[in-house]
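I have placed the structure first, in the form of structure tokens, so that the comments after it can refer back to it.
Just so it is clear, the model here is predicted, and its values are computed rather than measured.
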Amino acid sequence: MSNTLFPIELKAVAETGEIEGYASVFGNRDLDGDIVMPGAFKSLTGSVAMLWGHDQKRPIGVWDEVVEDATGLRVKGRLLTNTRDGADALEFAKAGAVRGLSIGYRTVKSSFSREKKARLLEQVALHEISLVAIPANPQARVERVKSLCPDRARRLAARIRAAAAAVRAGD
């Protein structure tokens, strides 16, 4: 039996800061008394800003995917962890301290439902999606935060190199 080693090379290791979840969920009344209706985001155009707490002076990342599906507005993006606010947002999200998402928009078309005692948002112009501690829509949440710890990856690479060296020395 041959003990052939295939070298592993780690070219770059960095925290990915990937997050995903629902920025808005259809059919439930939010804390502002609004209900976002299916189809409200169908006319999405251009890019949508990722902000820290709706503060336009504090962009924290990039939304790579913003798509309306049967549940609501599904988003996937990357926190810019090389910035102070992006790194802070990642740490808070990983710890579960900040897991809400909130949309900043302009109402294009709405109606009022006496039965539901709520404004029905039928069409909105979406400007931004923020990471927040307490979202107006309690169901609008970050579902997954993905990160890769650079120190752990470096330690793993060092162990792999040491094991490979030990196997080579035993040949």
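Looking only at side-chain heavy atoms (C-beta outward), N28 and I35 stay at 4.5 Å or farther from each other. Contact of the K117 side chain with the R29 side chain is registered, since non-hydrogen atoms from C-beta on lie closer than 4.5 Å. Proximity of L79 to I19: side-chain heavy atoms (C-beta onward) are separated by under 4.5 Å at one or more points. Inter-residue side-chain proximity for I129 and Y105 is flagged as unmet; no heavy-atom pair is nearer than 4.5 Å. L73 places none of its side-chain heavy atoms less than 4.5 Å from the side chain of V67. Inter-residue side-chain proximity for F41 and V66 is flagged as unmet; no heavy-atom pair is nearer than 4.5 Å.
With a 6.0 Å radius and a threshold of 12 heavy atoms from other residues, nucleotides or ligands, L31 has its CG atom above the threshold. Residue R84 qualifies as open at atom CZ: its count of foreign heavy atoms under 6.0 Å is 12 or below.
Hydrophobic clustering, with ILVMFWY side chains joined whenever heavy atoms are under 4.5 angstrom apart, groups V75 together with F92. No single ILVMFWY cluster, assembled from side-chain heavy atoms under 4.5 Å apart, contains both L51 and V142.
Between A23 and A140, the shortest heavy-atom contact is O-CB, 3.4 Å. Closest non-hydrogen pair, Q123 versus S43, comes out as NE2-OG, 3.3 Å. In terms of heavy atoms, A136 sits closest to D32 at CB-OD2, 3.7 Å. Residues Y22 and L101 share a closest heavy-atom pair of O-CD1, 3.6 Å. Here the closest heavy-atom approach between residue W52 and residue V98 is recorded as CZ3-CG1, 4.2 Å. Of all non-hydrogen atoms in V124 and L121, the two that sit nearest each other are CG1-CB, 4.1 Å.
For the atom pair CD of Q56 and NE2 of H127, the computed distance is 9.0 Å after rounding to the nearest 0.5 Å. Note that CE of M37 is 8.5 Å distant from OG of S113, once rounded to the nearest 0.5 Å. E128 contributes atom CD, which lies 10.0 Å from atom CH2 of W63 (distance to the nearest 0.5 angstrom).
With M50 as the partner, the side chain to side chain contact (heavy atoms under 4.5 Å, CB included) test is satisfied by one option alone out of L131, I60, V62: I60. Partner of R74 under the side chain to side chain donor-acceptor pair (under 3.5 Å) criterion, chosen from E20, E68, E65: E20.
Seen from the ring of F112, R119 does not count as a face-on cation partner, given the 6.0 Å and 45° thresholds.
A salt bridge links R58 to D85: at least one charged side-chain nitrogen sits closer than 4.0 Å to a carboxylate oxygen.
Taking the salt bridge (charged side-chain N to carboxylate O under 4.0 Å, His left out) definition, one finds that R99 meets it with nothing, sequence neighbours left out. Not a single side-chain hydrogen bond (donor to acceptor under 3.5 Å, both in side chains) links S110 to another residue, sequence neighbours left out.
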>> Please evaluate residues L90 and V145 with respect to the criterion side-chain contact (heavy atoms from CB on, under 4.5 Å), reporting the C-alpha separation (whole Å), side-chain torsions for both, the decisive distance (0.1 Å), and the verdict.
In response: CA-CA 8 Å; L90 177 62; V145 179; 3.6 Å; yes
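Of the possible donor and acceptor atoms, none in the side chain of D34 sits under 3.5 Å from a partner among the backbone N and O of L120.
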